[in-house]
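Here is the structure we will look at.
All ligand and atom numbering here is 1-based and tracks the order in the structure.
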Amino acid sequence: MKSLSLDEAKCLLEKCKNSGRQVDMTRGRPSKEQLEIGMRMLESAGELDYTYAGGDARNYGDLKGVPAARELFADLFGVGKENVVVLDGSSLSIMYRLVANAMDFGIMGEKPWREQGRVKFLCPAPGYDRHFAICEEFGIEMMTVPMLADGPDMDVIERLVQSDASVKGIWCVPKYSNPTGIIFSDSTVECFASLKPAAKDFRIFWDNAYIVHSLTGEQHHLANIFDEAKKCGNDDLIYEFTSTSKITFAGSGIAALAASEKNIADFLSHLQFEMINPNKVNQVMHAAYLKNTDNIARIMGEHAALLRPKFELVDRRLFEAFGRDCPDVKWTMPLGGYFISLDVRGVAARVGELTKCAGVKFTKVGATYPYGKDPHNSNIRIAPSIPTLEELDFAMDALIAAITIALAE
Ligand SMILES: Cc1ncc(COP(=O)(O)O)c(C=O)c1O
């Protein structure tokens, strides 16, 4: 361990500032090298057959997406093809649309949420800021639920969901969670699948954004929530999402929803007025390039080879500066996903200020909590994917110096 004295930390931060360098680690975006991997898809695009039994991807039709893409996501999710709709580049926009539909039209014949008075969502935190932003946009009250080592606190969730009919939803990132990196345990998934909500129109927003995003090459287990829910006749409870944003191109990939047939029919009953079909040409390209789950795992291995050294650098630098037993500085070393979650007890806002002055930007401090309010002022989300290793080393100089100064203050 090589911890810095206060003077050394001040000196190092000043050096970072004077260098005039800028490193932006605000979002979990794939690096340029990762995006190059997906270029193979475009290279073969001209030779593909865009027709398929019963359709032509270049023409109108197939609101649910092309069969090959739906089959691919059905395999990934472990559900039937009839349970999958494949749309365009963003899973977030499917989530937004489902919330908007619930607000305006209600879910499966229930009253629209906006006619039901105050409606609430449970938000395990630290969590994904854009989930919280959707709630804020619609005026949905957010209730923070603590995140534990194997998923959100299920005692709190069971109590609130089962006793309060104004609780309409919960956000979950069950695999390599954003930002903590945890994977929900089997018992957590079983507990979600067997919830008995007071509200008939309660839904679990199961955002499996990092479904295949292992950093180690190993495929880590997450129980299939639909299998568990079917055992207790509860499969209407779940909307599951993912996309290829971090498999092919961010925002220009394809995204999917998995849900019970009743939920899918409800969703399509509104979608049919919004579009004739999604971008099916892109779906054919993706299905031909990605092929099957084994091939996707191979592609993700290429991403992991680029990402892993960056995660290891952050972990090594933090370890050298603070060791593993420092009560004020703790961080996660995830098995997959895009983030390292750092907790610096009581000084996160100050650390954010100091690093910003030194040219290094992290996700806005507080953003990992509903309403941007971290009750402990402790969480910083590190997104190491974009910078080069050299830039990351510089960013860690600034971060370590800032933490040392903020704790001393
Ligand atoms: C948990 C989570 N969900 C969704 C998204 C966005 O996904 P998409 O590009 O499919 O909208 C992200 C992006 O960082 C994410 O971390």
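Taking OG of S243 as the reference point, atom CG of N208 lies at 10.5 Å (rounded to 0.5 Å).
The one candidate from Y239, F192, F241, F77 that meets the ring pair (Phe, Tyr, Trp, His ring centres under 6.0 Å) condition with W206 is F192. The only option from T244, L76, T242, L290 that meets the side chain to side chain contact (heavy atoms under 4.5 Å, CB included) definition with V212 turns out to be L76.
When only modelled atom types and interatomic distance are considered, N234 and S194 share no side-chain donor-acceptor pair under 3.5 Å. Using a 3.5 Å distance cut-off with no hydrogens or angles, the side chains of R350 and N377 do not pair a donor with an acceptor.
Among all protein heavy atoms, the one lying closest to atom 13 (C) of ligand 1 is K246 NZ, 3.0 Å. Of all protein heavy atoms, the one lying nearest to atom 7 (O) of ligand 1 is S91 OG, 3.3 Å. Looking at atom 3 (N) of ligand 1, its nearest protein heavy atom turns out to be D207 OD2, 2.5 Å. For atom 11 (O) of ligand 1, the closest non-hydrogen atom of the protein is S90 OG, 2.8 Å. Given atom 9 (O) of ligand 1, the protein heavy atom at minimum distance is S245 OG, 2.6 Å. Nearest non-hydrogen protein atom to atom 16 (O) of ligand 1 is Y210 OH, 2.6 Å. The protein heavy-atom contact nearest to atom 5 (C) of ligand 1 is Y128 OH, 3.3 Å.
Near A209, with a cut-off below 4.0 Å to any heavy atom, the atoms of ligand 1 are 1 (C), 2 (C), 3 (N). Of all atoms in ligand 1, numbered sequentially from 1 with element shown, those under 4.0 Å from a heavy atom of V173 are 1 (C). For ligand 1, the atoms lying closer than 4.0 Å to a non-hydrogen atom of S243 are 8 (P), 10 (O). Listed by number with element, the atoms of ligand 1 under 4.0 Å from a non-hydrogen atom of L92 are 11 (O).
Residue contacts with ligand 1 do not include Y338, since none of its heavy atoms lies under 4.0 Å from the ligand.
A cation-pi geometry, defined here as NZ or CZ lying under 6.0 Å from the six-membered ring centre and within 45° of its normal, holds between R21 and F394.
The aromatic rings of F121 and W171 sit tilted relative to each other, their planes meeting at an angle between 30° and 60°.
Closest approach of K120 and M143 over heavy atoms only: CD-SD, 3.5 Å.
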